[in-house]
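Heads up: the structure comes next, in structure tokens.
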Amino acid sequence: MIATAFLLSALLTPTLIAQTSGQLSGTAILQHLDAVISWYRAASSGLPSSGQPSDAIYHDNARSLALETLQLAFQSAKAEAALIAADTSGASNQEAAPTGQTSYAKMASDISARIAALQTQLDTVNKQIATASRRNLATLTSQRDRLQGEIELNKTIQDAVQKMSSFVGTSGEGATVGLLGSITELQRTIPELASAAKGQNAVVNSSSQQAVQPNPAGLIKQTELVYTELTDMHSIDQLIAQTLKLRATVTNLRQPLVAELKDTIQQGQDRANQPPSTTPAQLDADKKAFDDLTERFKRITSATLPLSQEIILLDQSRSNLLEWRQSISSEYKTILRTVLARALVIGIALALLLILSEVWRRMTFRYVKDERRRRQFLTIRRFVTGFLVVVVLMLGFVSEFSSLATFAGFITAGIAVALQAVILSVAAYFFVVGRYGINVGDRISIAGVTGDVIDIGIVRMYLMELAGTNVDLYPTGRIVVFSNSVLFQATTPLFKQLPGTEYTWHEVAISMAPETNHQAAQDKLMAAVNSVYEHYRQEIERQFGSVESRIDVRMRAPSPEGQLRFGDTGLEYVVRYPVELRSAAEMDGKVTRAVLDTIGKSPEMQSAVAGSPKIRALIRG
């Protein structure tokens, strides 16, 4: 019954992490290790390098100090766990209540011995029963049954103790086993500690393995570098704050150990100042007390010294981080000044281009009077200004021109294939605006459409459609749009006036009787046409003079011309005369009235004319 009560007490009593007199607890130790591990991971991999030469040095120093600090933290934690274990063991000895796997092993051993003793007694009783008399047989049988029941009870208790001992061994039950096991498990999560324990180089110089790149010249890359520098400084500031927080944690963890260390030293001094012992028993007690104080001092210093060294390394790490931040801050200011200067230069260059473009535009309007030439100059101005703006932006923003050239080559090839019609239209635009090209206001015939040009774009031209019969052309109210590339199509001819001319040729045809005086009739009809032509002769001759100044081909000045010929209906007299495009219908009406007046006033002309006169255009459009 006593053994059963002891077993139940051991099973139902939870094992807790004991605390020292200085309030040192396993929870504080594990929290300290968690904080150190988080800080180590941030210091080793949480700081991206900006690519400066000094970053490799600072980064390696930060990782080396972090790893060394982590090693000291685990060293101190194990010493503190041993100190807690010693305190727990002492308290258990004073209370005579052993716990843990050792106590369960002792219980199992005691129960095994008890079962062996009971089995010996049972064997003795069985022998006695075999030779006992009838009077003692009942007593021996009762004694045998009691011994068998006690053996069964102890076997049951032994089985339960063995299961509990096995569970404690695998789960780390007990204050000392649980704390030390947790520390060991945490240590296994850091592969660098295992490498350092084997003497290998645990710190991999990842930053120095990367080639240090020179500062990029492009504005975009420099802006990205400025942002990276800001991010790095923010990361370092966070790590510095985390370092200070960790140092405060280590200091708080170290304070009870320092207090206990001072108390141990004071106890030794007090015992040393006592009068010397005289009896052997007192001498043995003094020696044991000094041995206990020495052992206690060793255990405390084994936990305190790593914490003190850890504080020193944290201070060094903070100094390294501050120097690193100062280096990045200096580089950040330099790059920021470069970015601002480059942005200012780009702004000034763009402003100069815009000023020159405006000057070009004003000079064009001031000195170029011809609308066609003015339009050409303004178009060239847009192209030149746009090209120079693109060049300035490329020089300012792009740093890798070799990659840009390759990329531009592929882009150009793709654009040439996908936009070949547009590119052809743009090329045709320069043909249109050439010396003998098309101008706004010209009357042209293209693809069977006759019209007046109202606008010429880079890829399209716009015509006001004209329709009518014979010489009577009038606007239809529709706008016809043609792609400029139509000029390069062999099956789509284009007809336009000579540059600088605004006239066309019409003719009046009069059927003549064969037996009349043809010469007299011809003279009168020619005089009638010339009387109308005299009203606009000067404008036609001015336009002809403009044509002569543009081309080197000798031409005859336009004037009315008469011709007697055989037509489909017989003999006819045809007078060909120039008319202005914009007033062709008006001129034809005047010619018609002059011819009719000439015929109506002379009976001789009436007999010479065989049919009604007809006016028609030599070329339509």
Side-chain angles (χ1 to χ4, degrees), residues 357 360-361 364-365 368 370-391 393-394 404-468 473-504 546-547 550-553 581-582 617-621:
S357 176
W360 188 339
R361 187 186 69 83
T364 300
F365 278 99
V368 180
D370 183 63
E371 288 290 336
R372 176 171 164 273
R373 290 293 181 185
R374 180 183 295 173
R375 187 180 183 86
Q376 293 176 359
F377 273 103
L378 293 178
T379 303
I380 295 173
R381 162 184 162 270
R382 288 197 298 270
F383 274 99
V384 172
T385 303
F387 174 75
L388 293 179
V389 168
V390 171
V391 170
L393 294 178
M394 288 176 57
L404 179 64
T406 304
F407 178 74
F410 285 110
I411 289 296
T412 303
I415 291 176
V417 174
L419 302 178
Q420 53 183 344
V422 177
I423 295 174
L424 189 62
S425 297
V426 174
Y429 171 77
F430 292 98
F431 170 77
V432 169
V433 298
R435 182 177 182 184
Y436 300 108
I438 301 173
N439 297 320
V440 174
D442 286 351
R443 178 167 295 181
I444 65 174
S445 295
I446 181 171
V449 177
T450 300
D452 294 333
V453 178
I454 58 176
D455 189 22
I456 301 175
I458 296 179
V459 295
R460 292 183 296 269
M461 68 175 67
Y462 302 86
L463 275 68
M464 182 175 63
E465 184 185 29
L466 299 177
L473 296 178
Y474 54 87
T476 62
R478 298 189 301 181
I479 300 296
V480 184
V481 182
F482 285 101
S483 172
N484 293 341
S485 60
V486 73
L487 300 178
F488 293 137
Q489 297 179 7
T491 58
T492 307
L494 169 67
F495 302 96
K496 70 176 294 292
Q497 294 290 121
L498 282 173
T501 63
E502 289 291 334
Y503 63 89
T504 185
S546 176
V547 173
R550 291 173 178 269
I551 61 178
D552 298 329
V553 179
L581 288 175
R582 310 304 172 186
L618 295 180
I619 300 175
R620 184 181 177 185

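Starting from 1, each residue takes its place in the sequence as its number. Side chains included, hydrogens not; waters and symmetry mates left out as well; all remaining heavy atoms used.
- A heavy-atom distance below 4.5 Å is not found between the side chains of Arg381 and Thr364.
- The two residues Ser425 and Val459 make their nearest non-hydrogen contact at CB-O, 3.7 Å.
- With sequence neighbours excluded, the residues that form a salt bridge (Lys or Arg N to Asp or Glu O under 4.0 Å) with Asp452 are Arg443, Arg582.
- Contact check for Val480 versus Ile446: no side-chain heavy atoms found under the 4.5 Å cut-off.
- Evaluation of the salt bridge (Lys or Arg N to Asp or Glu O under 4.0 Å) test over residues 456-467, restricted to residues two or more places apart or in two chains, returns Glu465-Arg478.
- By the 4.5 Å heavy-atom criterion applied to side chains, Asn484 and Val426 are not counted as neighbours.
- Here Ile456 contributes atom CD1 and Ile454 contributes atom CD1; the two are 10.5 Å apart, rounded to the nearest 0.5 Å.
- Side-chain contact between Met464 and Val453 is absent, with no heavy-atom pair separated by less than 4.5 Å.
- The ring pair (Phe, Tyr, Trp, His ring centres under 6.0 Å) search around Phe383 returns Phe430, not counting sequence neighbours.
- The distance from the CG atom of Leu466 to the OG1 atom of Thr476 is 7.5 Å, given to the nearest 0.5 Å.
- Taking each heavy atom of Ala447 and Phe482 in turn, the nearest pair found is CB-CE2, 3.9 Å.
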When you look at Phe495 and Thr450, which way does the side chain to side chain contact (heavy atoms under 4.5 Å, CB included) test go after all the steps? CA-CA 9 Å; Phe495 302 96; Thr450 300; over 6 Å; no
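- Between atom CZ of residue Arg382 and atom CD1 of residue Ile458 there is a gap of 5.5 Å, rounded to the nearest 0.5 Å.
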